[in-house]
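Reviewing the structure listed below.
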Amino acid sequence: GADKNYYSSSPLTADYDVTNYLYSVEVTYSNYTCAVATDTFNVQVVANPTVVISGDPIICNGNNVHLVANVNDTLTDAAEITYEWRLNNVTIADVTGNELDSAFEASVDPYTFTVVVTRNAGCRTESAPFQVLVNDAPVVNITATDTVICEGGEATFTANLNDYNADNLMYQWTMVLDGDTTEIAGATKEAYTAKNLTAGEYDFIVAVSQKTSDCVVGDTFKLNVIADPVIDS
């Protein structure tokens, strides 16, 4: 059926290797005994580049989304490849390199990114979608049963949070006395009870982090421990 003065084809590579196709055409007159005219044309077919996005899929609000387009293409100089980053299939303006590094607001829904890679010969491919969740940093406020206790007494501190990602939170309580900071072993819950303290002014600090995004916040509560009164007889 290839009997016109034009021919259209979509050749493929063999096993993704550079593949050369040699096309030839033969032209004759149907009503005359003229010599046959022939010509050949070589077409080189190269595989489309492949691209995979890498980056942190969960980050804390206030940090930039940083993604890298990893291109597998040994046939073309990197300078001959162009990039088009997309968010929900809409082109992101002014981001034309192989990296995206931009700020996005916290959201309960993930952002979906893709990148389109084009080689100078016109080969074009689009990455699989890559989702990034931007978490709000938790907000924490310590409340306590007492602000002043006697030696040997106890006080319970509670870290109060408003965070939709509460199932993925970690706690660590720390105590500061006279400039000395002590991380309290085992104090990894939202509440901590301090017991058998000697007299002094204490700072109790809670650090709250999200296991999924490494967002970390903290709060401090001051506790005054006073000595028991001494009765002279």
Side-chain angles (χ1 to χ4, degrees), residues 51-71 83 85-95 97-115 126-147 154-195 197 201-223:
V51 58
V52 177
I53 297 176
S54 63
D56 193 340
I58 306 177
I59 66 171
C60 185
N61 189 25
N63 296 330
N64 280 3
V65 173
H66 184 209
L67 303 178
V68 178
N70 302 283
V71 177
Y83 301 85
W85 287 91
R86 296 177 175 178
L87 173 61
N88 299 327
N89 293 322
V90 178
T91 300
I92 303 174
D94 302 325
V95 182
N98 70 318
E99 294 189 31
L100 180 147
D101 191 18
S102 303
F104 292 86
E105 295 293 331
S107 174
V108 295
D109 297 316
Y111 294 92
T112 301
F113 298 91
T114 54
V115 61
E126 185 171 3
S127 71
F130 188 94
Q131 291 190 327
V132 179
L133 181 62
V134 181
N135 279 338
D136 256 328
V139 177
V140 58
N141 178 49
I142 298 175
T143 56
T145 54
D146 294 282
T147 57
E154 64 180 50
T156 297
F157 308 96
T158 302
N160 302 280
L161 293 109
N162 182 14
D163 188 84
Y164 66 85
N165 200 25
D167 290 340
N168 294 305
L169 296 176
M170 296 185 299
Y171 303 83
Q172 179 60 60
W173 291 88
T174 300
M175 180 178 68
V176 180
L177 176 64
D178 296 331
D180 295 328
T181 301
T182 303
E183 187 177 277
I184 305 170
T188 56
K189 306 293 184 182
E190 62 183 288
Y192 171 70
T193 298
K195 301 178 180 180
L197 299 175
E201 292 184 351
Y202 294 78
D203 283 333
F204 284 90
I205 303 169
V206 65
V208 182
S209 59
Q210 289 175 341
K211 290 182 288 186
T212 54
S213 64
D214 294 330
C215 300
V216 179
V217 293
D219 192 25
T220 301
F221 192 93
K222 293 185 178 296
L223 177 69

Is the backbone N or O of [Y] less than 3.5 Å from a side-chain atom of [X], with the two atoms forming a donor-acceptor pair by type?
X      : Y      : answer
Gln210 : Asp136 : yes
Ser127 : Val115 : yes
Ser107 : Asp109 : yes

task = Using distance alone, with no hydrogens and no angle criterion, decide if Asp203 and Thr220 have a side-chain donor and acceptor under 3.5 Å apart.
result = no

inquiry  = Can you see whether Asn64 engages Ser102 through a side-chain donor-acceptor pair at a distance of less than 3.5 angstrom?
reply    = no

remark   = Contacts of Thr181 meeting side chain to side chain contact (heavy atoms under 4.5 Å, CB included) (sequence neighbours excluded), chain-then-number -> Thr174, Val176

ask   = Of all residues at least two apart in sequence or in a different chain, which pass the side chain to side chain contact (heavy atoms under 4.5 Å, CB included) check with Thr188?
value = Gln172

ask   = Looking at Val71, Thr114, Asn98, which one forms a side chain to side chain contact (heavy atoms under 4.5 Å, CB included) with Val51?
value = Val71

Can you confirm whether [X] sits close enough to [Y] that some side-chain heavy atom of one is under 4.5 Å from a side-chain heavy atom of the other?
X      : Y      : answer
Phe157 : Leu223 : yes
Tyr171 : Val206 : yes
Phe113 : Leu67  : yes
Thr158 : Ile142 : no
Ile205 : Trp173 : no
Ile58  : Val132 : no

Would you name the heavy atoms of [X] and [Y] that are closest together and state the gap between them?
X      : Y      : value
Leu197 : Met175 : CD2-SD, 4.2 Å
Val65  : Ile59  : CG2-CD1, 3.7 Å
Pro129 : Thr112 : CB-CG2, 3.7 Å
Ser209 : Val216 : CB-CG2, 3.6 Å
Phe130 : Gly55  : CZ-O, 3.5 Å
Ala106 : Asn135 : CB-C, 4.0 Å

task = Evaluate whether atom CD of Glu154 has more than 12 neighbouring non-hydrogen atoms of other residues, nucleotides or ligands under 6.0 angstrom away.
result = yes

ask   = In terms of heavy-atom contacts, does CG of Asp94 have more than 12 from other residues, nucleotides or ligands at under 6.0 Å?
value = no

Could you measure the distance from the [atom1] atom of [X] to the [atom2] atom of [Y]? Nearest 0.5 Å is fine.
X      : Y      : atom1 : atom2 : answer
Asn70  : Glu99  : CG    : CD    : 9.5 Å
Asp219 : Leu161 : CG    : CG    : 9.5 Å
Ile92  : Leu87  : CD1   : CG    : 5.0 Å

ask   = Among all residues two or more places apart in sequence or in another chain, which pass the ring pair (Phe, Tyr, Trp, His ring centres under 6.0 Å) test with Tyr111?
value = Phe104

task = Step by step, work out the ring pair (Phe, Tyr, Trp, His ring centres under 6.0 Å) result for Phe204 and Phe221.
result = CA-CA 5 Å; Phe204 284 90; Phe221 192 93; 8.5 Å; no

